[in-house]
Amino acid sequence: QVSQFDSQNISIFTLVDNGGDAEITGIEMDVIWGVSDALTIFGAASINDTELVFVNPAFAFVVADAGSPLPLTPEVQFSLRSRYEWVLESGYDAYWQVGAKYAGEALNSLVDTVTEPNKFQDSYYLIDGAAGFSSAEDGWGVELFVKNMMDERAQLHINRQDFFERTTTNRPRTIGLRFSYDF
C-alpha cells in the first residue's frame with residue numbers, strides 16, 4: 001500500500017491505495033535443540049525473494065519500478081541463541097546465554113521519487129549475552145546482561161519522507177544489572 005497527499009483533487013487528507021502487485025517466495029524455519037539437560041540451542045532463519053511485479057499506473061510517479069524488491073524485507077535473516085542452565089552447590093539456579101541476530105540489506109521504502117529516492121539499508125549483526133542466578137524458593141533473581149555487545153549501529157529504518165532523511169537505529173551497547181522478585 002502507498003500513501004499519497006492529494007490537496008488539489010480531493011482534500012487535505014492522505015489517501016492510501018494499492019500501489020501494485022508483489023510476489024514473495026521463500027522459506028522460514030525455526031528449531032529448538034535440547035543438546036543436553038543443561039544446554040539448549042534456539043535458531044530461526046528466513047530466506048525471501050520479493051519482487052514488485054506490477055505498478056498501478058496511477059502511482060507510477062511515486063512507486064518504485066516493477067522488478068524492485070519489497071521494502072524492509074531482507075533476503076536473508078537468522079538468529080541463534082544458546083542457553084546453559086545448572087544448579088549451584090548453594091542450591092541457586094544459574095544460567096548463561098548468548099544470542100546473535102543477522103539481517104541482510106533491505107530496501108527502505110516502496111516510494112521512489114526524485115525528491116524522496118529509496119535506498120538500501122545496510123545489513124547488520126547484533127550479539128547479546130546474559131548470566132544470572134536465582135532462588136526459586138525465595139523468588140529473587142539477579143542478572144548481568146550486555147545488549148549489542150559489538151556496539152553495532154544497525155539501520156533499522158531509513159525514513160526519507162517529508163524531504164528529510166532520518167535513520168532509526170538500535171540502542172548502543174548497554175550493560176546492566178537486573179534484579180527481580182516474584183511475589
Q: Please report the shortest heavy-atom distance between Gly104 and Pro74, naming the atom on each side.
A: O-CB, 3.3 Å
Q) Can you tell me how far CG of Asp151 sits from CZ of Arg173, rounded to the nearest 0.5 angstrom? A) 4.5 Å
**Q.** Ring centres under 6.0 angstrom apart (Phe183, Tyr181)
**A.** yes
Q) Do other residues, nucleotides or ligands put more than 12 heavy atoms under 6.0 Å from the CZ atom of Arg171? A) no
Q) If only atom types and distance count, is the side chain of Thr73 paired as donor or acceptor with the main-chain N or O of Pro71 below 3.5 Å? A) yes
Q: Please determine which of Thr50, Ile24, Leu52, Asn118 meets the side-chain contact (heavy atoms from CB on, under 4.5 Å) test together with Pro69.
A: Thr50
(Q) I need the Ile127 CD1 to Met150 CE distance, nearest 0.5 Å. (A) 5.5 Å
Q. How long is the span from the CD1 atom in Ile158 to the OG1 atom in Thr169, to the nearest 0.5 Å?
A. 11.0 Å
Q. So, do Arg153 and Pro172 sit near enough that their side-chain heavy atoms are less than 4.5 Å apart?
A. yes
Q: Would you indicate whether Glu165, at its atom CD, is surrounded by more than 12 heavy atoms from other residues, nucleotides or ligands within a distance under 6.0 Å?
A: yes
**Q.** Contact check, side chains of His157 and Leu72, non-hydrogen atoms, under 4.5 Å
**A.** yes
(Q) Just verifying a value: how many Å separate Gln155 CD and Gln121 CD, rounded to the nearest 0.5 Å? (A) 6.5 Å
Q.
I want to check something: taking the side chain as every heavy atom from C-beta on, are Glu105 and Asp122 in contact at a cut-off of under 4.5 Å?
A. no
Q) In the single-linkage hydrophobic clustering (I, L, V, M, F, W, Y; side-chain heavy atoms under 4.5 Å), do Leu144 and Val98 co-cluster? A) yes
Q) Asn170 versus Leu126: any side-chain heavy-atom pair under 4.5 Å? A) yes
Q) Do Val55 and Phe61 belong together in a cluster built from hydrophobic side chains that touch within less than 4.5 Å? A) yes
Q: Check the pair Asn48, Thr25 against side-chain contact (heavy atoms from CB on, under 4.5 Å), reporting the backbone distance first and the verdict last.
A: CA-CA 6 Å; Asn48 291 298; Thr25 56; over 6 Å; no
Q. Which residues pass the ring pair (Phe, Tyr, Trp, His ring centres under 6.0 Å) test with Phe120, sequence neighbours left out?
A. none
Q) Looking at CD1 of Ile47 and CD of Gln77, how far apart are the two atoms once the value is rounded to the nearest 0.5 Å? A) 11.0 Å
Q. Any sub-3.5 Å donor-acceptor pair from Asp112's side-chain atoms to Pro117's backbone N or O?
A. no
Q) Within a reach of under 6.0 Å around CD of Glu75, are more than 12 heavy atoms found that belong to other residues, nucleotides or ligands? A) no
Q.
With clusters defined by side-chain heavy atoms of hydrophobic residues (ILVMFWY) lying less than 4.5 Å apart, directly or transitively, does Leu80 cluster with Phe42?
A. no
Q: With rounding to the nearest 0.5 Å, note down the distance linking CG in Asn159 to CG in Asn108.
A: 8.0 Å
Q.
Please tell me whether Phe133 and Trp86 form a close aromatic pair, meaning their ring centres lie under 6.0 Å apart.
A. no
**Q.** Side-chain donor or acceptor of Ser109 paired with backbone N/O of Val111 under 3.5 Å
**A.** yes
Q.
A side-chain contact here means heavy atoms from C-beta on lying under 4.5 Å apart; do Arg81 and Gln97 qualify?
A. yes
Q. Does the side chain of Tyr102 come within less than 4.5 Å of Ser123's, by heavy atoms?
A. yes
Q: Taking all heavy atoms of Ser46 and all of Glu28, pick out the closest pair and write down the distance.
A: CB-CG, 3.5 Å
Q.
So which atom in Glu116 and which in Thr113 form the shortest heavy-atom distance, rounded to 0.1 Å?
A. N-OG1, 2.9 Å
Q: Decide yes or no for Lys119 and Arg160: does some side-chain heavy atom of the first lie under 4.5 Å from some side-chain heavy atom of the second?
A: yes
Q: Output, in order, the C-alpha distance, side-chain angles, deciding distance and verdict of side-chain contact (heavy atoms from CB on, under 4.5 Å) for Leu177 and Phe145.
A: CA-CA 6 Å; Leu177 190 60; Phe145 65 89; 6.0 Å; no
Q) Is there a chain of hydrophobic side chains (I, L, V, M, F, W, Y, each step under 4.5 Å between heavy atoms) that links Trp96 to Val35? A) yes
Q: Give the cluster check for Val142 versus Tyr84: same hydrophobic cluster or not, with ILVMFWY residues linked at side-chain heavy-atom distances below 4.5 Å.
A: yes
**Q.** Non-hydrogen atoms of Ile32 and Thr40 that approach each other most closely
**A.** CG2-CG2, 3.8 Å
Q. Heavy-atom count around Asp138 CG within 6.0 Å, excluding the residue itself: above 12?
A. yes
Q.
Would you say that Tyr125 contacts Lys101 through its side chain, given a criterion of any heavy-atom pair below 4.5 Å between the two side chains?
A. no
